Structures are given as structure tokens and as C-alpha cells.
There are 2 protein chains.
Amino acid sequence: MIDAAGLRVMRAIADEGSFTSAAASLGYSQPAISQMVRRLEQRVGTPLVDRVGRTVRLTEAGHALARHAGTVLAALDAAEEEVAALAGLRAGRVRLSAFPSASATLVPKALALVRDRFPGVSMTFTEAEPPESLAALRAGECDLAVAFTYAGTDVARGEEDLDIFVTRHLLDDEVLVALPTDHALASLEEPVPLRALADAAWIAGCPRCRGHLLDLAGRAGFTPAVSFETEDYVAVQGLVAAGLGVALIPDLIARTAFNPDVVIRPVVPASRREIVAVTTADLQHVPAVAAALEALTDVAGSPDLLPTFPAVAADRVDSEAVLDYHL
Amino acid sequence: MIDAAGLRVMRAIADEGSFTSAAASLGYSQPAISQMVRRLEQRVGTPLVDRVGRTVRLTEAGHALARHAGTVLAALDAAEEEVAALAGLRAGRVRLSAFPSASATLVPKALALVRDRFPGVSMTFTEAEPPESLAALRAGECDLAVAFTYAGTDVARGEEDLDIFVTRHLLDDEVLVALPTDHALASLEEPVPLRALADAAWIAGCPRCRGHLLDLAGRAGFTPAVSFETEDYVAVQGLVAAGLGVALIPDLIARTAFNPDVVIRPVVPASRREIVAVTTADLQHVPAVAAALEALTDVAGSPDLLPTFPAVAADRVDSEAVLDYHL
DNA sequence: GGGCAACCATAATGCAGCGTTATAGGCCAG
DNA sequence: CTGGCCTATAACGCTGCATTATGGTTGCCC
């Protein structure tokens with residue numbers, strides 16, 4: 001019945017003392033005020049102003065509205081200010097979920113970038129494997145997920161329907177092979193043929209990575225003998241270092257969890273997992289989410305922020321260089 | 001930018017959990033909500049809802065608006081309630097101004113009537129002669145004035161331009177003559193001819209009444225010798241009773257300030273003053289003012305509430321009857 | 001796995017709120 | 001009595017905002 005515009009007008013009339021100057025102060029024309037008041041009056045059913053001579057005076061009801069206008073408009077302004085802060089990146093919260101190996105590199109850099117660019121935006125972070133993070137996204141428990149999908153495999157798509165989400169490519173993470181330093185193929189100049197490891201004992205990572213291993217090996221014509229399974233890639237490399245087997249290991253993880261007793265080598269056929277940021281069609285337009293997305297993209301795309309660790313033989317890596325790669 | 005309708009919609013969505021039921025709870029159709037939200041979103045520049053699957057969830061900005069909606073709408077409701085109370089006569093204040101002889105009869109009855117009919121409406125009363133009460137009306141210091149004007153005379157119009165006001169006839173107050181009980185004409189059956197008092201000593205009331213006396217006497221062909229002037233009609237009658245002169249005295253006053261030693265008689269040529277309620281074109285539509293106006297009209301028109309005191313010779317008046325006329 | 005129910009989006013349409021300019025009318029002062 | 005300063009009204013146009021009708025998904029349930 002009564003709207004904010006009407007209250008604004010009544011307040012302006014009370015403050016200015018005339019329709020004309022109220023109109024000027026609000027940026028309206030004089031007749032606009034005149035008929036605005038008339039409309040209001042016939043809505044509330046009682047005169048709001050008393051026009052006597054060439055002056056206008058508020059009636060009791062008019063004064064009531066002018067008085068309430070302050071409260072209402074202040075509350076409205078507060079609401080506007082709050083959303084304006086959210087829209088202007090002076091406030092906001094992004095709940096990010098990422099898988100473990102991203103949490104060590106990509107995510108911290110991106111969090112720092114967002115914090116530097118938009119101090120008012122706060123980010124919370126939860127570590128979760130892609131299926132869980134996507135479920136959280138769907139359930140509205142997080143706004144942005146960093147997930148990965150093995151290119152050419154339907155591993156990810158089988159578990160969660162990515163179509164309902166919006167994905168942004170961050171980087172291609174090449175899948176390498178981890179060998180004990182004393183392994184016969186450890187000093188091979190060329191990439192290691194996967195088939196050459198057909199008879200090796202295999203150590204598998206997370207379930208989805210295991211799926212990828214089986215898929216890849218199947219294409220290479222063999223079924224790997226999986227001796228150990230663990231989601232902890234530090235453990236994986238420990239097992240490899242102890243000579244208990246070989247493992248496929250993504251580049252990003254190799255850089256993160258570096259073990260000097262392990263040799264990381266490229267492998268043929270080459271394969272990669274695609275690391276993506278995932279959000280919803282709506283959330284991608286929320287400024288804070290967009291800013292986080294941007295920061296992730298920047299980190300993933302900038303060699304300075306996230307240096308590409310060349311897949312090198314262990315003997316070409318010294319501790320100092322490794323330290324550089326740890327954040 | 002943000003209006004109350006938008007907030008109402010956001011709150012409904014937050015409460016109901018879907019556009020469809022929010023629409024139902026607000027009495028809108030579903031598409032109305034849909035495009036309302038879209039409009040709001042493009043106004044504030046950030047998504048307000050996250051549509052994932054067939055459910056909608058509020059974003060941070062959406063929650064902010066929904067949260068503020070309570071405050072804003074509560075304040076708006078308070079404003080509406082206040083004007084509704086004024087419009088519905090559950091509240092309101094009428095500042096009434098009336099001339100002295102009306103304050104004794106008309107006004108108290110009318111005030112009581114308003115109080116009985118609309119207990120929420122309060123009335124304040126100020127005694128003032130017509131010129132002053134009309135000035136107060138013009139200055140916005142009162143809402144309703146009870147004034148009088150001598151019919152056929154421009155006395156009132158000369159002093160204040162009644163055209164800018166709205167007047168309502170209340171009653172015609174016949175002008176009578178007050179004579180000492182032992183006056184030669186006191187027992188005349190017929191109305192007293194004014195000319196017969198051409199040589200009498202005259203006592204004049206208020207300035208405007210004095211003007212009326214001069215006007216009337218002028219038409220009757222004489223100039224009255226005014227011995228005394230006082231605005232107090234009790235004093236006027238006291239002077240008459242003491243045999244110090246005769247006086248013109250309006251019926252209403254005669255009834256109010258009854259003096260047993262004075263005879264009140266009709267006079268020819270007859271004349272009357274018109275008692276009117278005056279307000280402004282706008283104020284007459286303010287419910288409380290209209291109610292007061294109505295009450296005044298009712299009192300003036302109802303013999304029960306304001307009995308007509310017949311102009312009788314003193315010998316036909318006994319104290320008991322007189323007491324009846326005093327309210 | 002297929003159909004059905006629920007939910008949101010879009011299109012097309014109509015009305016009314018709400019602004020504009022132009023003009024008229026009334027009050028008050030010099 | 002005239003000029004300036006008010007407000008009111010008229011005529012007009014636009015845009016907001018509602019409607020109905022329809023389509024596309026999603027997700028549940030048999």
C-alpha cells in the first residue's frame with residue numbers, strides 16, 4: 001500500500017516545506033510530487049497535506065508518514081549498502097572446496113591472491129575429493145569446488161553429473177610415473193613406456209586414480225598388479241622409494257610431495273588429468289565467487305605463481321630447487 | 001533502487017523455499033516472482049538466488065535482503081498502521097477554536113459527542129474570537145474554528161477572507177434585546193421595535209457586535225448612544241439589570257448567561273448572526289475533523305442537545321426552567 | 001527406465017503507475 | 001494591479017509489473 005517512494009516524498013515535503021522544492025531536492029518535476037501526494041492520499045484515505053493559500057502544511061497523517069520515513073528509509077539504505085558491499089567486493093564469503101593435492105599449491109596461492117585483491121572478501125576452505133566437493137556444491141554447502149577429471153575417461157562424469165554445473169579449466173596435470181631411484185628405467189632419457197611396467201608391482205592412489213590406472217593399462221594391453229592402495233601420496237612415494245612398486249602420480253602431486261628417493265618420469269602413452277574449478281551457473285556471477293574463480297585461473301596460468309616443475313630425473317633435482325616449489 | 005515489494009518477495013522466497021510457494025503466499029503468479037527476482041538481480045548487480053536443479057537457494061546477497069526485509073517491512077507496517085488508525089478514527093487530534101459564547105454550549109456538547117463516538121480521537125480547544133480563530137486556522141495552528149458572521153453584514157468578510165476556507169452552517173442565532181425588568185417595553189407582547197430604543201443608553205458587546213448594533217440602528221434611522229462596552233456578556237447583562245442601559249444580545253448568549261433581573265425580548269427588525277464551523281478544503285476531509293464537524297452539526301441541529309430557549313418575558317421564566325437550559 | 005509431477009524460465013500481452021511538458025489558476029507582495 | 005511563486009490539471013509516453021500460456025529440466029516413483 002505505502003511504498004518507499006511515497007515516504008521519501010513525504011519526508012522531502014516535510015523538510016523542504018513546499019512541493020516545488022521537495023521536487024527539486026528529489027530530482028523530480030513539481031507535478032510529479034503533486035500527483036504522488038494525491039495518489040498517496042487516496043490510498044490511505046485521508047488528506048496528508050493541507051493546502052492553504054500558496055503554502056502546504058502536513059496534516060497529522062502526513063506528519064506520521066514523514067516521521068516513519070526516516071526509519072523505513074534508513075533500514076532500506078542499510079539493506080542496499082549491504083548488497084552493494086557484496087556486489088562491490090567489499091564484503092562476501094566464498095566457501096571453497098578442493099581436493100587434497102590442490103590444497104597444497106593452487107588453493108593457498110589463490111586464497112592469498114583474493115585476500116590481497118579484496119580484503120573484505122573472506123574465503124573458507126574445505127578439503128574434499130571431487131565427488132564430495134561436487135555433492136557439497138549441489139547441496140549448497142560450498143560455492144566453488146576445485147576438482148579434476150581424467151581426460152578421456154568418464155570417471156568423473158559417471159559419479160556426478162557435471163552438466164548441471166559450470167566448469168572452468170584451470171590446468172592440465174600430466175600423469176607421470178614414480179620409480180625407485182634404482183629402478184632399471186629410472187635413468188632412461190626418453191619417457192618411460194607404460195608397457196615396460198606391465199609386470200611391475202603397482203601402487204594405486206585414490207579410487208578414481210586407480211580407475212585411471214586400470215583404464216590406461218588396459219589400453220596398453222595389460223592388467224596391472226596392484227599391491228597397495230592408499231590415498232596418501234606421501235605414502236605412495238614412500239612405498240615407491242622403498243622399492244615396493246611403481247606408481248602413476250600426477251605432476252602436481254609430485255611437485256608437492258617430493259621424495260628424493262623417488263624418480264619421477266614422463267610416461268607414454270601420455271595422459272593427464274584436467275583440473276577444473278566448478279560452480280553453478282548462478283554462483284559464477286556472484287562477484288566474490290567470480291573473484292575467487294579469477295584468482296584460481298590466474299594462479300593456474302601464471303608460471304610465477306605456480307611454476308611448472310619439469311619432470312626430471314632425481315639426479316637433476318637438488319634440494320634447493322625443490323624448496324622453491326614448495327610455495 | 002530496492003523497493004518494499006522486492007524485499008517482500010525475497011523474504012517470501014526465504015520462508016517458503018521456492019518461487020512457486022512464495023508466489024502463492026503473496027498472492028502472485030509464479031512468473032511474477034521469477035521476473036521480479038531477475039529485475040532485482042540486475043538492479044543490485046549480483047545474483048540473489050542460486051537455481052540448482054529444481055530448487056532455489058538464496059545467495060549471500062539474497063540472504064542479506066531477506067534478513068533486512070523484516071526490519072523494513074515492520075517499519076512500513078507501523079507507518080501504515082498509524083495512518084490507518086488516523087483514517088479509521090481510532091486516533092487523531094482535532095484542534096478546535098471557538099468564540100466564547102459557543103464554548104459554553106455548542107462546543108462542550110460536541111466534544112462529548114466526539115469522545116463518545118470515537119474514544120481514540122482527542123480534541124483540544126482554544127477560545128478565540130472569530131478573527132483570531134480564523135488567523136489560527138490559516139496559520140495551521142488549529143484545524144477547526146467555530147465562528148459567527150452577522151448576516152447581511154460584511155463584518156466578518158472584511159476582516160478575514162472566508163473564501164479560502166470551507167464553512168458549514170451550524171445555526172442561526174437570533175439577536176435579541178436585553179432590557180431591565182422594570183423597563184417600559186419589558187412586558188410588551190410583541191417584539192420590541194428597535195426604533196423605540198433610539199434614545200436609550202446602549203451597552204455594546206464585542207467590537208464586531210458593536211459594529212452590528214451600529215449597522216442595525218443605522219438602518220432603523222438612529223445612532224445609538226453607547227455608554228458601555230465590554231466583551232463579557234455577563235457584565236453586559238449585569239449592566240442592563242442595574243438599569244444602566246439596554247443591549248443587543250444573541251440568543252445563544254442569553255441562554256448561557258442568564259440573569260433573572262434582565263428581560264430578553266425579540267426585536268424588530270429581526271436580525272441574526274450565523275454561527276458556522278470553518279475549516280480548510282483539505283482538513284474537512286481528515287476523518288477526525290470531519291467527525292468533529294459532524295458532531296458540531298448534530299449538536300446545533302438537535303433540539304435535545306441544544307434546546308431552543310424561547311425569548312420570553314422575565315415574568316414567564318422561573319428558575320427551574322432556566323436551570324434546564326444550562327446544559 | 002519411462003512417465004509423471006514439480007518447479008523455474010520465457011514469451012506475449014495488457015494495464016496502470018508514474019514520470020514528463022505545457023498550461024491554467026490562485027495567492028501575495030511591491 | 002501586475003508579476004512572481006506556488007499548486008493543480010491535462011495530455012502524453014514509457015516502463016514496471018502483473019497476467020496466461022507454454023516450454024524445458026529435474027527428480028521421484030512405479
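Treat the numbers as computed from the prediction; the structure is a model and nothing was measured. So you know, we letter chains A, B, ... as the sequences are listed, proteins then strands, and number each from 1.
The backbone N or O of B:R95 lies less than 3.5 Å from a partner atom in the side chain of B:D143, making a donor-acceptor pair.
A:E16 is linked by a side-chain hydrogen bond (donor to acceptor under 3.5 Å, both in side chains) to nothing, counting only residues two or more places apart in sequence or in another chain.
In this structure, CZ of A:R8 is placed 13 Å from P of C:dC18, rounded to the nearest angstrom. Look at CZ on A:F19: it is 18 Å from C1' on C:dT20, rounded to the nearest Å. In this structure, CD of A:E16 is placed 17 Å from P of D:dC5, rounded to the nearest angstrom. The nearest whole Å value for the distance from the CG atom in A:L40 to the P atom in C:dG19 is 11 Å. Across the protein-nucleic acid pair, A:R38 atom CZ and C:dG17 atom P stand 12 Å apart, rounded to whole Å. As a whole-Å value, the separation of B:I33 CD1 from D:dA18 P is 8 Å. In this entry the distance linking CD of A:Q30 with C1' of D:dA10 reads 13 Å, nearest Å. Distance CD1 (B:I164) to P (C:dG25): 20 Å, rounded to an integer number of Å.
Here A:R43 does not reach the OP1 or OP2 of C:dA16: none of its side-chain N or O atoms lies under 4.0 Å away. Note on B:R51: every side-chain N or O is 4.0 Å or more away from OP1 and OP2 of C:dC7. Close to D:dA8, at under 4.0 Å from its OP1 or OP2, lies a side-chain N or O of A:S34.
Among the nucleotides D:dT9, C:dA9, C:dC28, the one closest to any side-chain atom of A:R54 is C:dC28. Closest to the A:T20 side chain, of the nucleotides D:dA18, C:dC8, D:dC6, is D:dC6. When distances are taken from the side chain of A:Y28 to each of C:dT10, D:dA8, C:dG19, the shortest belongs to C:dG19. The listed nucleotides are D:dT19, C:dC27, C:dT20; the one nearest the side chain of B:P31 is D:dT19. Set against C:dG19, C:dA9, D:dG27, the side chain of A:R138 has D:dG27 as its closest nucleotide.
A:Q35 contributes a side-chain N or O that forms a donor-acceptor pair with the base of C:dT20 under 3.5 Å.
A side-chain donor-acceptor contact under 3.5 Å links A:S103 and A:E127. Under 3.5 Å, the side chains of B:T124 and B:R93 contain no donor-acceptor pair of N or O atoms. No donor-acceptor contact under 3.5 angstrom links the side chains of A:T59 and A:D50, judged on distance only.
Heavy-atom distances to DNA chain C give each of B:G53 and A:A32 a nearest nucleotide, and the one nearer the 5′ end belongs to B:G53. Of the two residues near DNA chain D, A:V49 and B:T55, the one whose nearest nucleotide lies more 5' is A:V49.
Among the protein residues, A:R39 comes within range of the nucleic acid bases, having at least one heavy atom under 4.0 Å from a base atom. At the heavy-atom level, B:S29 lies under 4.0 Å from base atoms of the strands shown. A:D3 comes within contact range of the sugar-phosphate backbone alone, with a heavy-atom separation under 4.0 Å but no base atom that close.
Salt-bridge formation is not detected for the pair A:E132/A:R138: no Lys NZ or Arg NE/NH1/NH2 atom is positioned less than 4.0 Å from an Asp or Glu carboxylate oxygen.
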